[in-house]
Amino acid sequence: MAEQELVEIEIDGKKLQVKPGSMIIEAADDADIKIPRFCYHKKLSIAANCRMCLVDVEKANKPLPACATPIMPGMVVRTQSKEALVAQRAVMEFLLINHPLDCPICDQGGECELQDVAMGYGKSVSRYTEGKRSVKDKDIGSLVATDMTRCILCTRCVRFGQEVIGLPELGATGRGEHTEIGTYIEKSLTSEMSGNIIDLCPVGALTSKPFRFKARAWELEQGTSVAPHDCVGSNIYVHRHRDKVMRVVPKDDESINECWISDRDRFSYEGLYHEDRLTQPMIKKEGAWQVVDWQEALTFAVDGLKKVIDDNTAAQLAAVASPNSTVEEHYLLQKLVRGLGSHNIDHRLRQTDFSDQLATPVSAGLPISIEAIETQEQILLIGSDVQREQPIVGHRIRRAYLRGTNVCVINPMDYHFNFDVKEKIIVSPSTMLQELAAVTKAVLDQTQNTRHGKVADLLKQVTVSDSHQRMAKQLLGAGDKVVLLGAHGLNHLHSSQIKLLANTLSQAISGQCGYLTEGANATGASLAGAIPHRCAANLGVAKSGLDAKQIWQSQLKAFILLNLEPEYDCADPQMALASLQQANFVVSLSPYMTSTMKDYANVILPVCPFAETSGTFVNIENKWQSFAAAAAPQGEARPGWKVLRVLGNLFEQEGFDYTVSTEVRDELKVAVDGMTMTQTNQDHIPSTLNFSANVDLERIAYPPIYRTDNLVRRGESLQRSGIAEAAAVHLSANTATQMNLADCEQVTVKQNGQHVNLPLHVDGRVPDNCVYIPSGFAETAMLGVTSPAALTLERS
Amino acid sequence: MAVTLNQVCFRTLHLDKPWTLATYESAGGYAMWKKILHEKTPPSEIVDTLKASGLRGRGGAGFPTGLKWSFINRDVPGDKYAVCNSDEGEPGTCKDRDILTYNPHQLIEGMLIAQYVMNATGYNYIRGEFDLPLERTEAAVAEARAAGYIGKNVLGSGMDFELYNTVGAGAYICGEETALLESLEGKKGQPRFKPPFPANYGLYGRPTTVNNTETFASVPVILEKGAKWFAELGKPNNGGTKIFSVTGHVKQPGNFEVPLGTSFAELLELAGGLKDGRTLKAVIPGGSSAPVVTGETMMGLDMDYDSIAGAGSMLGSGAVIIMDDTTCMVKALARVAYFYYEESCGQCTPCREGTGWLYRVIKRILDGNAGQHELDMLDDVASKIEGRTICALGDSAAWPVRSFIKHFREEFEFMIQHKKSILD
């Protein structure tokens, strides 16, 4: 696109070159000329209703709103002339007549746009002597507190719902002075991004419920950090008061999260102060747990691990880490276990098919930038509930959709998205592979593509129907294209085959293929070497260690766990727990102590969770984002990297002499910058594709948005919020009828000899002959394999 | 000189059941529609005729109709709309009600011609409280459809014309054209910020023209009798006739369709004159939002856009509210102010907050609970609503306050001081 010719205007005597078509307020903002405003927000449509930004425009017969007046060549604007000030002060007076001046008890006090602007434009005494309006507060859920009497009806929250998240839950009812913002019928907000209305609200009408009355804005200290839940790496500010995290708010980063963050990133900090928090090292001696000092705990851990290694071999040791751990933690953990002689390390906890790991690049994320998602013309989602898994990516896809992008999905559930889906295929997890194969075949047929001969051979028997042809045709449309694999694709029972087909398909449509990886730092973990088949920075190993599945299958004798709660975090919790329970010695580095952990572990070392440690996350764009600790550790808890460093020292290993975490990062970063990507360019091609499920009733299992990791699971407000799921059995209406089961009944789920009672929900999103039972709950933890596996249901 | 009544919108009023298709056709109705479709009259020709006729918007703003129609590019692909504003809500106005009730076919014909000119779909947005007018207009649309004037391939022309009536829910603000469009889209009726204007971004974001009922209903007659005939009915720049709804202290209130430029004195006489023994105190010449004019001034004015504007008020919707010497101007203003307080949509700060403030202060004056300084404050508050809002409702709320205080200040001062009306 050709550069637009700039036009010259003048604001407050300053000559400015601005883009034609932009509004006065944008030009003023760019030139750092402050114009007061309430309803205007750069990310929302223009409402022009607050009238605070009225300015004096030469040749206009009345003051004009800067937010809604397009600039014209030669325009002369005065924001501080007598006329402008009279207009602005008048609006301020109007705004304050019905606003309760309860700043001393208002949570917004000190960071209130109305308060700030009133300081500049308000009078000390009001001429208004009538009674003030009061408005009943609304209960809109556990995350956002309301004081609707303070509302100045700017409608930012309303527009956010309509425009940004596509979920118009808030609206203005009533007329004139009687207008109220609310949900009309009282309900909890159900967006995964609802907390952003707290930031948008210019007054204290919508404030953070968990933060309510906890501290005043001016008492808070601010640290920058990176959100610890998904592969986006949203930039955040952590606000602390006396060393305790009080709240999390977004930090603007146009290339990643813009000015938004998900509710998960905003409110999960509550989990930092959950009662499960372990604040002192503990060891188990003769079956009894005791609190000890760090020295004793570390010695106990080292002695225990040494004994197992000495009695057996180092191959009996495995390390398993949560992908939410930092780069530094992953790097030191693998350095430690490799130093001890074992390559058994993994972070790919919910993955079950590792057969292609040697043929694929060491880390795979998004081949395009997060920002560039918006400029794709065709997007195919495979096995992804993107809006809930990576809310910011979902938001970018919505923006692309609003611009006209076509989105197609192949999913195991008919997830609700805030963008329309052009073509969708909703089938059981096992059938997903077959459907993807058919779409791939249709694409190869339609393009008469012969470059993928080997894959085409595999697809010979695949039947292609109209729906596959339609989707293929859509994907072959014009423009940039990306195929995105979500959790249900990456953790598929045959994920290597899904990935093969997705890559083939994306190449055949001249697009790119991206992986929406799990956790905050899967890319960093792989680069750091927390994988069995490569050392840090992609250095090869003579013989691969055991992968996450084999580790649990192999009845090993010793384990080091990092930030792990296997009953919730692993593909097969049952097998993981059994494996840990039979082991001789288990060291758990964890911020929390759980009852299961007490059962299987021998030492629990309290490490710092998010916000209490420095570190680095690498997001799906391969962007390294380092952060300092934003709050003091609780009790005796110590940053994981420091604990691992000392363990390295105690094992008398070389190269564990770091004094700050950035040294760890830099050591890895230098290696990564110099590494050669061993992209083999050779697909890992199986001899056949595994199409059949071999079960009558296929389970769909994935942790819901607020059950994905140890921190968010303890975010109590999130657990009570509008979209928090509970453990339940979800069936399609057809399948429930066939099984003679009814909605809301209690049913017994049996799998691998275990059984649990759960309520049944008839759920239109679930395909027939499938059952969705979310993982990540205590109630469902014992159900075993969470990828396709046989189970039975009966009435309790 | 006797004034000739009912030449345009009410020209069939004297006939039996003028709302029926048969009666309308007997008076030459739908002849223009047939002629246009038959001759495939170039749309620009129709627009030129309207421009030459001097027809100005009859809803209140008085914008030249031909010019407005010319803003729509009929060749833009996609939907375009011609919307009739029958949400007649301006206090004192009841002319559109009678067009819908007594001459709906002429409105339909006018709308169809507009649809032809702009290649548009028609919507007639009717005020929620208009039961009989809606019934009559619905029946008329059904008759016109049955007669083949509306629908597919109208009169064998190969062209389709759809026209629908829709009903509002009784909000004054929906008479504002962009709020009307929002309401028509099923949203809360709140005015949109302009630009963009409806001609570019109207109903469902498509090019749209919104005209008043009386405006549309004038079109067939203008085309039939010619621009010159229509223009010469009135005065230069004030062509044609206008229906005035004369209410208040007159002997025979009612709707009077008279040529623009008819003197106020003649109009007053048509309405039977003042009640016996009364003198004219004040007139609101163009609906409650128009600034009040003293009786003395009013007696020297003609009923046309320019003459009324010259006196600092406006012709508006043509609702002429007559107040004689028994009128307490404070009470009258309190009623007007209450109306705007209740009808403010609540979108813009000055209007939402200011209308309530104005009403409450005036109410306190009535209650004998206000100070002299508050009169100036009242004027000041009104001045800060005026011109500061998205739509004209803010102005409508401010102008009565400012003009009442300007012309009848002594009545307000008297009441504040003596805690009773100057008339008591």
Side-chain angles (χ1 to χ4, degrees), chain A residues 21 23 38-40 45-54 60-65 67-70 83-84 86-99 114 126-133 151-155 158 162 168 171-181 184, chain B residues 169-174 179 187-196 338-364 369-371 373-374 376-378 380-395 397-398:
Chain A
M23 301 297 166
F38 296 109
C39 70
Y40 173 78
S45 68
I46 292 164
N49 62 29
C50 80
R51 318 307 282 181
M52 192 64 220
C53 68
L54 290 172
N61 58 0
K62 56 184 184 181
L64 298 175
C67 69
T69 307
E83 199 196 359
V86 164
Q88 292 162 5
R89 286 182 181 139
V91 173
M92 195 68 233
E93 180 175 36
F94 284 130
L95 280 171
L96 290 179
I97 67 174
N98 273 316
H99 185 81
L114 186 68
S126 174
R127 295 190 291 175
Y128 185 78
T129 54
E130 326 298 325
K132 285 190 181 235
R133 171 183 60 213
C151 175
I152 58 167
L153 299 164
C154 70
T155 69
V158 175
Q162 288 168 345
T173 52
R175 208 161 62 192
E177 218 183 69
H178 314 295
T179 309
E180 291 184 15
I181 300 290
Y184 189 48
Chain B
Y172 172 71
I173 194 61
C174 290
K187 299 175 187 159
K188 187 178 182 186
Q190 286 190 329
R192 298 174 182 170
F193 185 79
K194 295 165 285 273
Y338 182 72
F339 178 80
Y340 290 104
Y341 161 56
E342 274 299 318
E343 294 293 346
S344 167
C345 83
Q347 192 175 195
C348 305
T349 306
C351 177
R352 178 184 68 237
E353 308 292 347
T355 50
W357 191 358
L358 293 179
Y359 168 67
R360 289 188 176 94
V361 175
I362 298 165
K363 181 79 173 36
R364 278 197 290 104
N369 190 20
H373 67 283
E374 291 188 295
D376 287 334
M377 185 186 83
L378 208 51
D380 184 60
V381 170
S383 78
K384 283 164 179 166
I385 303 173
E386 188 181 339
R388 309 269 166 86
T389 52
I390 288 176
C391 79
L393 196 144
D395 299 341

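Every value quoted in this text rests on a predicted model; they were computed, and no experiment measured them. First the proteins, then the strands, lettered A, B, ... as listed; each starts at 1. As a basis for the values below, the full set of heavy atoms in this structure was taken, side chains included, without hydrogen atoms, waters or symmetry mates.
- You'll find the side chain of A:Phe94 stays beyond 4.5 Å of the side chain of B:Arg388, heavy atoms only.
- In this structure, A:Arg175 and B:Ser344 approach most closely via the heavy-atom pair CG-O, 3.3 Å.
- With chain B as partner, the option from A:Ile97, A:Ile152, A:Thr129, A:Thr173 having the largest number of non-hydrogen pairs under 4.5 angstrom is A:Ile97.
- For chain B, the nearby parts of A:Leu95 are the backbone and the side chain; heavy atoms of each come within less than 4.5 Å.
- Highest contact tally toward chain A, considering only B:Gly346, B:Cys351, B:Gly356, is held by B:Gly346 [criterion: heavy-atom pairs under 4.5 Å].
- The shortest distance between side-chain heavy atoms of B:Thr349 and A:Glu93 does not fall below 4.5 Å.
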Could you walk me through whether A:Asn98 and B:Arg352 pass the side-chain contact (heavy atoms from CB on, under 4.5 Å) test, one step at a time? CA-CA 10 Å; A:Asn98 273 316; B:Arg352 178 184 68 237; over 6 Å; no
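- Of the atoms belonging to B:Glu342, heavy atoms from both backbone and side chain fall under 4.5 Å from chain A.
- Across B:Gly354, B:Gly387, B:Ala171, B:Pro350, the residue that shares the most heavy-atom pairs under 4.5 angstrom with chain A is B:Pro350.
- For A:Leu153, the parts lying under 4.5 angstrom from a heavy atom of chain B are both the backbone and the side chain.
- Both the backbone and the side chain of A:Ala172 come within less than 4.5 Å of a heavy atom of chain B.
- Taking non-hydrogen atoms and a 4.5 Å limit, the residue list of residues 187-195 of chain B in contact with chain A, ordered by number, reads B:Lys188, B:Phe193.
- In this structure, A:Val86 and B:Lys384 have side chains that are in contact, with non-hydrogen atoms separated by less than 4.5 Å.
- Heavy atoms of A:Arg89 lying under 4.5 Å from chain B are absent altogether.
- Heavy-atom pairs under 4.5 Å with chain B were tallied for A:Lys62, A:Arg51, A:Arg127; the largest tally goes to A:Arg51.
- With a 4.5 angstrom heavy-atom cutoff, A:Thr155 does not touch chain B via any of its atoms.
- Across B:Ile385, B:Leu393, B:Ile390, the residue that shares the most heavy-atom pairs under 4.5 angstrom with chain A is B:Ile390.
- For chain A, no part of B:Ser383 is nearby; none of its heavy atoms comes within less than 4.5 Å.
- Exactly one residue among B:Arg360, B:Arg364, B:Lys363 makes a salt bridge (Lys or Arg N to Asp or Glu O under 4.0 Å) with A:Glu130. That residue is B:Arg364.
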